[in-house]
Structure formats: C-alpha cells, structure tokens
Amino acid sequence: MQRRDFLQATCGALAYAGIFMPSGISANVNKPLIGFKQVPPSTQDKVIVPDGYEVRKLISWADPLFSKATPFDENKIIDKNAVENAKLTFGDNTDGMAWFDIDENRAILAVNNEYINPEIMFNHQGKNMSLDDVYYEQNSMGVSIFEIAKNQDGFFSVVLDSPYNRKITAGTPIDIQGPARGHKLLKTRADKSGVRVLGTINNCASGKTPWGTYLTCEENFDDFFGSSDENYAFNPSQKRYGLSIKGENYEWKLDERFDIAKNENEPNRFGWVVEIDPYNPNSTPIKRTALGRFKHENAEVVIAKDGKIVVYMGDDEANEFIYKFVSKAKYNPNKPNRDILNEGTLYAAKFIDTKDFEGVGEWVALEYGKNGLDETNGFYNQGDVLIHARLAASVVGATPMDRPEWIAADPNGKYIYATLTNNTKRTQTNASNPRNKNIYGHIIRWQPKGDHTSTSFRWDIFLLAGNPLKYPNDLRKGTSNINVENMFNSPDGLKFDKFGRLWIQTDGKYSNKDDYEGMGNNQMLCADPITAQVRRFLTGPIACEITGIAFNSDYTTMFVGIQHPGENLANSHYPNGKSSTPCSAIVQIRKKDGGVIGS
Ligand code: FEO
Ligand code: CA
Ligand code: CA
Ligand code: CA
C-alpha cells in the first residue's frame, strides 16, 4: 500500500510506527502512555481538564509580583502611575515559559508576555492611543520572572517580593553579542556602537539551556513598528520581515524609537533569541545574534553526542523556514558556559521528497562566503547573513514551510517534532507540506542521520490535523489518528514530558462552525509518539489561545498558558468571572491522586 493510502486508511497508527519508531520510548502494552479520559470539545468560558484532575489559576495579567504594586484596575486608568505599576505586575498575553528549580518546594518561573490586546486593555480599545498608553503596553510585554512556592495541597503560589522577581520589558537594557554585535545595521542614534538595545518584544515561545538560563524568542516585532513618513520606501529585507507604514496599528511610532522613518535600524535590533539568567536578577539579558534574526517561535536545545549545543528553531510565517544552530564550543557541565551561544554555525533546512509524506533532508550552512552568501547576493559579512537570515536561507534553497511554530525533542533527544500550524497561502504542495491552502496544519518530525550535528536527516509526517466530519474524502480529513472526537486545528505549542508524551497546544480558529465545526475552543492534546494516538486533555475559555507549558520537577503539576481570552471583544470573563475584564493567565493542573500528569 502506498503511504498516502496508509495515511488515509483507518488503521493509521501502523503508518507511523512503520516509518521509524522513536527508540528509547518503548511502547508498554500493559500500561498505556496516556492514562486519562479525553475531554470533549468545549465552547464554555472556562478551562476544562479530565476527570480526576484539578485546575487552578496561578497568576493572571496585572497580578502583582511585588507587594507595593496595585492590583488590576477595572477602571483602566492609564496614567504615569499605571505605567510604573506595570513594571511590578505580571505582563499580558502569557506565552512560552520554563521552570527553574530553587529547592524541593520552590522554583522560578520565567514567562514570556508576547503582546497586548488594545481592545481589552483600554477603555478606548486602542482607538485613541497616547504616549503613556504606549509605555503601558511596553511595560506589559517582555518577560516576567517570579518565584513560586508549593502549598500544602501541592499547588503553587506566587512569592511576592522574592529577590528573583523581575520584569524585563520593551525598555530593559539588553546586550547584543555574537557575530552581528556592532554591525552598522544595528547602530542607532541612541546606540552609536550597535552593542546595546532597549528591550525585548513579541516574546513568543522559549527554551531552556542545560546551564540554567532562559531563552526568550522574539517573533512578530514588525507589528509594533510604523512610519510617520507615509512615503517611506522599504527595502527588500524590510519587506521580507513584514515592516510597513502602519504595522498592526499599535501606534508605537508615538515613541520615536519605533518610527522607522526616524530610526530605520531599530527593527534590526529585534527578531533575535535573548538569553536571560533567571537566577541572577541583576544580570543583563543578551541577544544572541549567532542564532539568526527572524520571527522566532521557540528554541529547543539539545546536547549533541560530542557535547556541542544544538538549538532547533522555527520562523513563524507562511513559507518561511526551519533552522538549527550548532555551537562551536562543547558544553561542559563543570563550567559556566556563559557564551557558548555566541559562536557556531546556523543552518536552514531543506526537505527533499522521496515518497508521499516522507523524505530525506539536508541542513545548509548560512555562512558568509559559502553557498552563494557573498557579494553577488548582497552579503558582505556574517553579520549581514544573520541580520537578513530569511534572505540568506532563500539563497541557499531552504524549503518554505507551512508556518513553523514550536519544535520539540523527544526525551532521548533522538527525534525532533515540529508544528506547522497552517498556511492558507500555499499554492504548491510537496511531501513535507502536502496540502494547498492548509487550514488545519500538521506535525512533521525528523531523525538526524547519526547525531544532531549531522547535516542530513530523514523525516516523515506525524499527523495532519483535519476535519473528518466535514471532509471525509480528501486530505482535509487529516491522518487516520484524527477523528470526530479528537479533531482540532492549528497545532502550535509542542513539548515532550520526560516520559515521552507529546503535548500539543492549539492556536486555531475557534468559531466551531463551517470548516471548524466540532472543534470548539482552543485546546491542548496529548499524543503517544509510538501508537500515534491523540487525546484531548484540556479545553480553554472563549476566544483564547492555549500556549506555554511547564512542569514541576516530578511532573505532578503542569503549568499551562491561557492567552488572550475574550480577544476581539468576545464575551469572556475568564479567569476572574462576573463582569471582569478577561485576562491572560497561567493555570496549574494536578491529578487528584497526586500522580504524574497524563499517566
Ligand atoms: Fe507567537 Fe507563532 O506564535
Ligand atoms: Ca505560537
Ligand atoms: Ca500560532
Ligand atoms: Ca495569540
């Protein structure tokens, strides 16, 4: 049987195990990997978890991190005090996060605050922005770092005034390091040497290094730039990175730093991976330019057999690429490893078809002077290559993908999975992106040939999301592990727990009608990589995205991000109920018997 038939057949699980089975995660017939009962799709304004589980809010937007902060103001008065107060409270639109142990009962959570929803944040719904409003938004984005402590009942609470508590905002000084440090395209009037930038924005997903630092990844920075000159002529690189006269209408150009007509290099200082030491609240975060500039989703770190550090990264835009960085130095657990991410090779992925839904691949180095990355194509040094990584990856022939979101390594670090969330712009299919106008998204995976430093790999498709109710007769129905009970669209967040369960979070259409009928609100699912079984674990409130996941050290508490409930003024009052403003929040989930989540 052809693989295409396999994938469309009802006995689809065989199709996966037949290609290559992740070794080290052994299927146990006596004890299935996934032990909970699936929750049905939901359109309710709450978080629903399976029978036998409990869910509780940990923190929501504008909750204090310090006792001197004022709590959420339902009157939404934005003045100088509110602007300062936002530096002392949990930021908006929670996204990627990571857990850092302190001791048995305490930990630090580092959490991204990706962006803001003006229609929720302001009484004027963003239609009458002042400079204070802009600063308030800037202080509500970035990264929130705070200590949490375990209560008697096993749930955690935020520790106000902990010495670890810290906000990193759009105004926090950040060093620029790596090959692009001091590059002429990174120099501005305020920073004539191109080595220090104010702030990090659009902090989407994240990563954690083996040496205990947090990687926060800058994604849609172009949304926040604009031009006061309506005739500003954008160059090809600026266009490729999405810069425009109005951006997404956030009006940050009221702050000249975000006005391209006045500061044309400022956008080049965003779109990087930023390393933060959460254990040292006085440390200066660092933009690691060796990892390339694009719309970063997450940064999945693995240690190669030879000790080199490999970071897998997706660039979330239609027809953009998947990348990996391989460090020059080797990781040494007995040394600080402070600057290991400053030097190495950045690669872009080329997926080559061999059959339906599978193939081989090649990592092509983005190195100045090689593979056409030279003067003939407009690259004069490695800094150019990294700042214009998208253009460089196009020159070397990387494969345009269906919006690469999170990348996750299995617990043994042998197989890598990536979500391709959707791509309504695709007009030409290939085996790795097999559907035109891909509205449902899919998950691809690859196995390095040899080890993670290798430049070749083989790959296959783990699942195609779809709607088998609506489209039973073509690829839109999804792979055979997708059925009327567990269907969803737009896989985005993706993470393995240490037992080998693959957790999938969605950022999709929640209309629950037409193409999306029967899918309900955004949700979180759990997949068994061996059997390819997929089961819905959680459903979110109205008009939210589910994004961000972390576990405590023994995997008995799971932390999940609920982003922008009630976006576009949808009728949500999550999480505080009654007539309250909907707020993005982190929830914590435990099994009533105290067991491992998902078991
Ligand atoms: Fe911030 Fe591509 O998600
Ligand atoms: Ca995402
Ligand atoms: Ca998304
Ligand atoms: Ca979102």
Side-chain angles (χ1 to χ4, degrees), residues 91-98 111-117 140-143 200-207 215-224 241-242 247-248 250 270-274 292-300 312-323 390 400-408 417-426 438-444 465 488-495 502-511 516 519 521-525 540 543-550 560-565 567-568 584 586:
D92 199 1
N93 279 347
T94 183
D95 207 316
M97 59 178 141
V111 185
N112 288 350
N113 298 115
E114 189 183 26
Y115 62 112
I116 41 79
N117 292 77
S140 305
M141 287 168 52
V143 182
T200 179
I201 60 173
N202 296 90
N203 307 78
C204 182
S206 58
L215 301 176
T216 180
C217 305
E218 299 176 336
E219 194 190 20
N220 301 311
F221 61 90
D222 55 313
D223 289 354
F224 287 85
Y241 282 82
E248 283 295 308
Y250 286 104
F270 296 89
W272 302 103
V273 172
V274 186
R293 174 173 168 264
F294 41 91
K295 297 190 188 177
H296 280 278
E297 189 69 22
N298 77 335
E300 181 75 339
Y312 288 101
M313 302 171 285
D315 181 354
D316 179 9
E317 193 129 63
N319 304 314
E320 289 295 342
F321 310 119
I322 291 174
Y323 297 81
R390 284 183 164 184
M401 307 299 286
D402 285 353
R403 291 187 55 199
E405 299 249 30
W406 291 42
I407 299 182
Y417 290 64
T419 47
L420 298 164
T421 198
N422 58 54
N423 181 2
T424 52
K425 294 181 180 159
R426 178 165 295 281
N438 175 12
I439 59 171
Y440 298 122
H442 57 289
I443 298 178
I444 196 168
F488 62 93
N489 73 92
S490 305
D492 187 333
L494 193 70
K495 197 180 186 67
L502 181 60
W503 297 90
I504 305 165
Q505 302 179 315
T506 73
D507 173 22
K509 293 276 199 291
Y510 42 74
S511 65
Y516 308 98
M519 295 179 176
N521 294 348
N522 275 308
Q523 56 195 271
M524 184 161 155
L525 306 104
C544 81
E545 167 187 346
I546 304 295
T547 183
I549 176 170
V560 175
I562 312 296
Q563 198 189 57
H564 60 62
E567 69 170 353
N568 300 320
S584 61
I586 297 173

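In each ligand, atom 1 is the first atom listed, and ligand 1 is the first ligand listed. The model shown is predicted, which means the values in this text are computed figures rather than measured ones.
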Asks: Any donor-acceptor pair under 3.5 Å linking the side-chain atoms of Asn93 with those of Asn117?
Replies: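 Yes.
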Asks: What protein N/O/S atoms sit under 2.8 Å from atom 2 (Fe) of ligand 1, by chain and number?
Replies: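 The answer, once waters are left aside, is Glu219 OE2, Glu297 OE1, Asp316 OD2, Glu405 OE1.
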Asks: Going by atom types only, do Ser490 and Asp507 share a side-chain donor-acceptor pair under 3.5 Å?
Replies: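 No.
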Asks: Quick one: list whatever passes salt bridge (Lys or Arg N to Asp or Glu O under 4.0 Å) with Glu300, sequence neighbours left out.
Replies: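 Glu300: no salt bridge (Lys or Arg N to Asp or Glu O under 4.0 Å) contacts found.
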Asks: Within the distance-only criterion (no hydrogens, no angle test), does the side chain of Asn113 pair as donor or acceptor with the backbone N or O of Met141 below 3.5 angstrom?
Replies: no
Asks: Would you call Asp315 and Arg403 a salt bridge, using N to O less than 4.0 angstrom?
Replies: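 No, this pair does not count.
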Asks: Would you kindly say whether Thr419 and Asp492 are connected by a side-chain donor-acceptor distance under 3.5 Å?
Replies: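 No, no side-chain donor-acceptor contact under 3.5 Å.
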Asks: Determine which of the N, O or S atoms in Glu297 is closest to the Ca ion (ligand 2) and give its atom name.
Replies: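 Glu297's closest N, O or S atom to the Ca ion (ligand 2) is named OE2.
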Asks: If the condition is ring-ring contact (aromatic ring centres under 6.0 Å, His included), which residues does Phe321 pass it with, not counting sequence neighbours?
Replies: none
Asks: Within 45 degrees of the axis of the six-membered ring of Tyr241 and under 6.0 Å from its centre: does Arg293 put its NZ or CZ there?
Replies: yes
Asks: Should the pair Glu320-Arg390 be classified as a salt bridge under the 4.0 Å nitrogen-to-oxygen rule?
Replies: yes
Asks: Counting no waters, what protein N/O/S atoms lie under 3.0 Å from the Ca ion (ligand 3)?
Replies: Glu405 OE2, Asp492 OD2, Asp507 OD2
Asks: Are the ring centres of Phe294 and Tyr323 closer than 6.0 Å?
Replies: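 Centroid distance Phe294-Tyr323: below 6.0 Å, so yes.
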